[in-house]
**Student:** 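Next up is a structure, given as structure tokens.
So you know, we letter chains A, B, ... as the sequences are listed, proteins then strands, and number each from 1.
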2 protein chains.
Amino acid sequence: MSMSENGRAGEHATMDDVARLAGVSLKSVSRVINAEPHVSARLREKVEAAISALNYVPDTAARSLAGSRTFIVGLLFDNPSPNYTMNIQKGVYEACRANQYHLRIDNVDSSAPRAEYEARLLGLVSNSRCDGFILTPPLTDDVVLLDFLDRSGIRYVRISPALQAQRSPSVCIDDAQAAASLARHLWELGHRKLAVVLGPERHLAAARRRDGFIAALAELGLPEPVREVPGNFSFEGGIRAGTELLQDGPRPTAIFATNDDSAAGVMAACAQAGLRVPADISVAGFDDSWIARSVWPYLTTVNQPIEEMGYAAASLLLRKGEPQNTPHLLDYSLVVRDSTAAPLRA
Amino acid sequence: MSMSENGRAGEHATMDDVARLAGVSLKSVSRVINAEPHVSARLREKVEAAISALNYVPDTAARSLAGSRTFIVGLLFDNPSPNYTMNIQKGVYEACRANQYHLRIDNVDSSAPRAEYEARLLGLVSNSRCDGFILTPPLTDDVVLLDFLDRSGIRYVRISPALQAQRSPSVCIDDAQAAASLARHLWELGHRKLAVVLGPERHLAAARRRDGFIAALAELGLPEPVREVPGNFSFEGGIRAGTELLQDGPRPTAIFATNDDSAAGVMAACAQAGLRVPADISVAGFDDSWIARSVWPYLTTVNQPIEEMGYAAASLLLRKGEPQNTPHLLDYSLVVRDSTAAPLRA
DNA sequence: CCGCCCCATGTCAACGCTGTCAAGAAAGCG
DNA sequence: CGCTTTCTTGACAGCGTTGACATGGGGCGG
């Protein structure tokens, strides 16, 4: 109906205009906008007509000044991997938009000195006047932050928390099961000499991936132990880990890196060592991030619905009523691409 | 001085509290906060002491309701490449933070039908009540949007605009010169058979890179024409372009892809064709995005200070007084890594 | 048929800050 | 030394919305 006909520069209709045009009181307009009960259908219609005729959009500043809500969701990042961050952000953004909320993004840098970092983090949270926060790893497991939020009565939803899953609403996938499905995939291809590239020590989700992977193989009856080398979720770390695995000891026929960046690094190490993926060696990652399709061959990995997780987290945060503290589990899926294949017969 | 001592949940000090503690009027506090003239040093000190004692932070909602500013900068994206977007965002964010501004991010999707896209874009701009906008390509060259902003008297700064450089404040690098420096690098290594992978047709910056590259070679006296194949700034596009260049006709000894993603694709195509980079063929990109260090060998490329561009753009927007419409030029730098080397003697 | 309660709607004072205007103090000038 | 100008400070009314409360009409039990 309403054309993009708002006309003159900077002239915004106010609630007053709507009320006058609809012939009702200010408060009634407010009621319609906020979907409050005790509004007759007729009144609602009149108001809605006036709103769209005037192309009225409520003024957020006035709303938050008068009311108790700010209509802002805070998204907190620390040390972002660009792809992950972008995807989360996109999902959260869409959910905010659907709920007429705005998104405020803040970065903290945990590599700063702890005291400074903490001061900044708590300052950010207490001064930004958001209606709630969405936390991503590793902030999800920062006990100081969680304590502060709880103490202040600020709502928050965590994405893929590793600690105290029952402490707050959260969304995540079953990392262990997901890694297990990858383990079965490699097993079924015929791989028996396997290795894992671990994640950062404090990243507990990475540890769960490792555990799920190894447990699944044990269950399948893998004869020999899985080799494990450290990694740090980065491409360089992947190169180092891959190099280590290829140089010393018996060479694995398949390597599972606990995220895609590491896996890409492992593939680079293989190329350096003159091995062809997947003919000579299989490599698999985890996340299905953008890099999984920016390497050749395309990476076999586990897809986490990252954007969807962001969307779900924001929806959880914005939903009225008492939040559930049980984790909201989303589906992962195994994405078989070109970096895994049956091992050559020796 | 001030500890993170703001104490009880949700209790924020107001200007009233500050005024009372400092023993001055409300308005005086306001003056200090807004750095208005005509404030004695003594008064300023008293107020500042009270502010930090109370850990006072002005309420943005009230400020924007009462005043004419909203303290929000809008950052508009369309079809974001994750790395580019993240870096711009980071720079803009930091500049906002330095100026006590907040950042609002909005995405539009230009692949939607034109009418819908336009309605959304203009709605976004006119309803979001930002003090100004930062535009990134390709939004920088959307004439409908620019007209609307100008007509509405809304300030904006463009990052790397391609059209009508004098129309608004903008920040950019000299794409042609940057590509030329890459051309000279390849020339000096001894390459004489060169090829370019182009960018999306409408991306004019990509065209400028191509032009600068070719012009520099012509000036150096390159005996034969540079081969050109289409690309679309994506990894897949790079693979296709690379494959095309390697299959038909005389094989180039060096390939310049007009962005890093394409370059990574070209490298993948080389690997598929059994060629080794840089021994058999050199590859160079443009952007120095994150992918340049997520491939092996690490990519030789041109560094655009993307984050800095975001920072500069926001600073320009927030600076008081009449903005300059001459482009704000930032420095690029040639980043020589491992993907380029002297060609083998035939 | 009366009184009570509930539903629909309205009135009005905040919310925390800035813009306008006024007033007092200090400084400049002849 | 008195008058004007300039500098410094303050009083007060909104900004556009919501929350608390008031009001009046209709349904329902007794």
**Student:** Is B:Y56 touching bases, backbone alone, or none of the nucleic acid, heavy atoms closer than 4.0 Å?
**Tutor:** sugar-phosphate
**Student:** Which part of the nucleic acid does B:L26 contact within heavy-atom distance under 4.0 Å: base, sugar-phosphate only, or nothing?
**Tutor:**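 Nothing, no nucleic acid heavy atom in range.
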**Student:** Please classify the nucleic acid contact of B:V29 as base, sugar-phosphate, or nothing, using heavy-atom distances under 4.0 Å.
**Tutor:** nothing
**Student:** Round to the nearest Å and state the distance from A:R20 atom CZ to D:dG16 atom P.
**Tutor:** 11 Å
**Student:** What's the CG-P distance between B:D59 and D:dT17, to the nearest Å?
**Tutor:**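 Roughly 16 Å, once rounded to whole Å.
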**Student:** For residues B:N34 and B:R63, is any side-chain donor paired with an opposing acceptor at under 3.5 Å?
**Tutor:** yes
**Student:** Judged by each residue's nearest nucleotide on DNA chain D, which is more toward the 5′ side, B:R31 or A:L65?
**Tutor:** B:R31
**Student:** Heavy atoms only, 4.0 Å cut-off, all strands: where does A:I33 land among base, sugar-phosphate and nothing?
**Tutor:**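 The answer is nothing, as A:I33 stays clear of every strand by at least 4.0 Å.
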**Student:** Specify the separation, in whole Å, of atom CZ of B:R42 and atom P of C:dA25.
**Tutor:** 15 Å
**Student:** Looking at the side chain of B:S30, which of C:dT18, C:dG16, D:dT17 is the nearest nucleotide?
**Tutor:** C:dT18
**Student:** To the nearest Å, how far apart are B:E36 CD and D:dT9 P?
**Tutor:**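 Going from B:E36 (CD) to D:dT9 (P), I get 13 Å.
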**Student:** For D:dA11, does OP1 or OP2 lie under 4.0 Å from any side-chain N or O of B:S25?
**Tutor:**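 Answer is no, no contact under 4.0 Å.
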**Student:** For A:P37, which contact category applies under a 4.0 Å heavy-atom criterion: base, sugar-phosphate, or nothing?
**Tutor:** nothing
**Student:** Nearest to the side chain of A:T14 - C:dT9, D:dT18, D:dG16?
**Tutor:** D:dG16
**Student:** How about A:R20 and A:D17: do any of their side-chain heavy atoms sit closer than 4.5 Å?
**Tutor:**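 Answer yes - side chains close enough.
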**Student:** To the nearest 0.5 Å, tell me how far A:L317 CG sits from A:D131 CG.
**Tutor:** 8.0 Å
**Student:** Output the single nucleotide from C:dT9, D:dG10, D:dC15 whose closest atom is nearest the side chain of A:V39.
**Tutor:**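 That would be C:dT9.
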**Student:** From the set D:dT17, D:dT9, C:dG19, return the single nucleotide nearest to any side-chain atom of B:S68.
**Tutor:**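 Between D:dT17, D:dT9, C:dG19, the one nearest the side chain of B:S68 would be C:dG19.
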**Student:** Starting the side chain at C-beta, find the nucleotide from C:dG10, C:dT18, C:dT9 nearest to A:K27.
**Tutor:** C:dG10
**Student:** Given A:L76, which partner from the list A:V108, A:L139, A:T136 fulfils the side-chain contact (heavy atoms from CB on, under 4.5 Å) test?
**Tutor:**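 It is A:L139, the one option of A:V108, A:L139, A:T136 that forms the side-chain contact (heavy atoms from CB on, under 4.5 Å) with A:L76.
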**Student:** By nearest atom, which of the nucleotides D:dT9, C:dC17, C:dT9 is closest to the A:S40 side chain?
**Tutor:**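 In terms of side-chain proximity for A:S40, the closest of D:dT9, C:dC17, C:dT9 is C:dT9.
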**Student:** Distance check: side-chain N/O of B:S28 vs OP1/OP2 of D:dG10, anything under 4.0 Å?
**Tutor:** yes
**Student:** Hey, are A:R104 and B:H102 close enough side-chain-wise for a donor-acceptor pair under 3.5 Å?
**Tutor:** yes
**Student:** To the nearest angstrom, how far is A:K46 atom NZ from C:dT9 atom P?
**Tutor:**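 The distance from NZ of A:K46 to P of C:dT9 comes to 8 Å, rounded to the nearest Å.
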**Student:** When the distance from CZ of A:R63 to C1' of C:dA14 is rounded to whole Å, what number comes out?
**Tutor:** 18 Å
**Student:** With the side chain of B:H38 defined as its heavy atoms from C-beta on, choose the nearest nucleotide among D:dT8, C:dT18, C:dT9.
**Tutor:** D:dT8
**Student:** Using atom CG of A:D16 as one end and atom P of C:dC12 as the other, report the distance to the nearest whole Å.
**Tutor:** 14 Å
**Student:** Write down the distance between CG (A:L54) and C1' (D:dG16), rounded to a whole number of angstrom.
**Tutor:** 15 Å
**Student:** Considering only heavy atoms from C-beta outward, does the side chain of B:H12 approach that of B:D59 to under 4.5 Å?
**Tutor:** no
